[in-house]
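Computation of the quantities below employed the complete heavy-atom set of this structure, encompassing side-chain atoms and omitting hydrogens, waters and symmetry-equivalent molecules.
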Amino acid sequence: MVFFIGVLRYAGRDLMMGKGKKDPDPINISQDMLKNDELIDLAEIQSEIEGHEYMNNALTRSARFRTNCDFLPPDSVKLRKAYFCRNETGYFRKEVANNPLQAMMNPEMMTGMLKGQFFMTIFNFGLISLTSTFFSGFVNAKMPFPLAQSFRSMLQQGLTLSNLDVRYVSSFSWCILCIYGLQGLQNLITGTGSMKEEMEMMTGGMMGGQQKGGMPGQPKDFTKIFKGEIENYEILTSKFSLEHAEKQVLLQHRHTKKMRF
Amino acid sequence: MADLAIHPDVAEALSIAQKNESSENLIKFIQKVSEKKERSCSEFVLDFAVKLISEGSDILKLENFKVLEEAFLAAIECKALDWANAFLIKINDHIPKSPKSIRYLAMFQEASGNPEEAKNLYRECIKADPEDTAAYRRLAAYLRDSDLVDEAIQTLNKALEMDMSDTQIWFELSDIYLAHMNYKQAAYCFEEILVQKPTNYLYNLKYGEILYSIGGGENLILARKYFSKAIALNDKSTGSTNNSVKAIWSLLETCKKLESMGRKYKDEVNEELIEMCKEKLTKAYSKESKFDIEELK
């Protein structure tokens, strides 16, 4: 019975989550767009939303420049510095709006998870209260092996007979055992393992998310990263490394000449 | 000898493949070409690919996709349009209507003399995915080829907005500017390349040349520094003192020009450098030098 209710719960949850959960495949979209000219504008928006890849690229360029800026003449360094962090018009000064789609998706995901969690608790709570009111005092299973006294609280919840053998299981305990014991089988049947994933997401996402500073699906806050990059530029000290290049060559030349004689 | 220009790994694979024309060796060679992005042995690639097909080898299968790609590019380069068409159909079977296959189709159109068609296809690729820098590059190359330089520069700028860290685009842009004698812009673009690999002697040499072309005393002094750096780097890496003849000549030119520019730019280093360049050049062209011109022919 518990199992059937579990399946029912799965179906109910599916209904509640709706079809909005399905993510469109980005590659498919771009293919479809090629076929249909009317949708081309949409495609542009789509890929703008899809990621701030080009900002990452700008960051790569800036980082590369910062590591090797000693090899450029001082004027060029100043030029680039100005390009990246000039007041108000610099590349890293601009405010980057957070990704609208992802920002929208995130609460949806959250509510979806909450819905699932909500359903689970309601069903379990209902089931447990049902058994404890209607079947309290029933003994409906017997373990085929003897057990120690300490298992009494686990197996004979709802019974107050202290002389009863621990091998007998009360209906209330049986219900709880079934709910948790049959979870794996149920996941197998419904074919998703979604419950387990959800549990992991709930526990892992909450715990790990705080450590990493953001859920895995959360978009990067480029405004913040850009601010950090500007600070990097403020402390950047570049010393033109080719200042004495001529002397170096001459020295090398003299050295080789000496070696020869 | 044409082999001089080929990457040594590719050349090795080529000689093995030529000695023993088993399909394994041939495939290995083509894979090597694709890995090293070697563009100067398309004839061999096409030849081997045709051989592989006539032997009934399975290069048309998905696991040999890279070989197929390389064969298609080689066929286009050799103007073997029938083969190119055959390969393209096969590629399209594997990845139907993907951005890549569409780009290849556009390249095929370009090769077979339908540039307008190709242009439209590239535009469509870009519209579908504004971050597809490969399509931008092809489009820019086509535009440049048909003398629409301004449009080509615009396209490349657009591509750079999408991917600022793409050195190839910076290179192409600097090349266009150089070809149209816009040296300051070219220098800006080339700085991006130099920053990526400041120890490459050719980059230092070329940047020095651009600075020399801009002209003016300050730039000439900078150019002198970069030529010196190039010579130092090359001497260090090759172990010989007179391999970088081009850099030495450039340095000599720069120093002489600085000397003629009056007292302001005249210093001791300049004279010493001229002295050094002369010594190095006489060494390079003397008979005892290892640098043998006959060998290069």
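With sequence neighbours excluded, no residue satisfies side-chain hydrogen bond (donor to acceptor under 3.5 Å, both in side chains) with B:Thr199. Applying the side chain to side chain contact (heavy atoms under 4.5 Å, CB included) rule to B:Lys158 yields the partners B:Tyr136, B:Glu161; only residues at least two apart in sequence or on another chain are considered.
We find the CG-CD distance between A:Asn68 and B:Glu191 to be 13.0 Å, quoted to the nearest 0.5 Å. Here the OG atom belonging to A:Ser241 is positioned 5.0 Å from the NZ atom belonging to B:Lys229, to the nearest 0.5 angstrom.
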Listed pairs under 3.5 Å, donor-acceptor, residues 252-261 of chain B side chains, sequence neighbours left out:
| from | atom 1 | to | atom 2 | distance (Å) |
| --- | --- | --- | --- | --- |
| B:Thr254 | OG1 | B:Ser250 | O | 2.6 |
| B:Ser260 | OG | B:Lys257 | O | 2.8 |

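Panel note: side chain B:Lys225, backbone A:His244; no donor-acceptor pair is recorded below 3.5 Å.
Residues A:Phe71 and B:Val195 have side chains not in contact (no heavy-atom distance under 4.5 Å, counting atoms from C-beta outward). In this structure, the side chains of A:Arg61 and B:Trp170 come closer than 4.5 Å at one or more pairs of heavy atoms. Between B:Val269 and A:Lys247, the closest side-chain pair of non-hydrogen atoms falls below 4.5 Å. For the pair B:Asp166 and A:Asn57, the minimum side-chain heavy-atom distance is 4.5 Å or more.
In this structure, a donor-acceptor pair under 3.5 Å is absent between the side chains of A:His253 and B:Glu272. Using a 3.5 Å distance cut-off with no hydrogens or angles, the side chains of A:Glu246 and B:Ser228 do not pair a donor with an acceptor.
B:Tyr188 approaches A:Arg80 most closely through the heavy-atom pair O-NH2, 2.8 Å.
Of all residues in residues 207-224 of chain B, those placing a non-hydrogen atom less than 4.5 angstrom from a non-hydrogen atom of chain A are B:Tyr207, B:Ile221, B:Leu222, B:Arg224.
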Starting from the C-alpha separation in whole Å, work towards a yes-or-no answer on salt bridge (charged side-chain N to carboxylate O under 4.0 Å, His left out) for A:Arg64 and B:Glu192. CA-CA 9 Å; A:Arg64 191 192 285 159; B:Glu192 290 299 327; 5.4 Å; no
Given side-chain contact (heavy atoms from CB on, under 4.5 Å), test A:Leu250 with B:Met276 step by step and report yes or no. CA-CA 7 Å; A:Leu250 286 171; B:Met276 184 195 80; 3.8 Å; yes
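Each of B:Asp163, B:Leu194, B:Asn270, B:Thr167 has some count of heavy-atom pairs under 4.5 Å with chain A, and the biggest count is that of B:Asp163.
Annotation for B:Glu275: atom CD does not count as buried by contact number, only 12 or fewer foreign heavy atoms lying within 6.0 Å.
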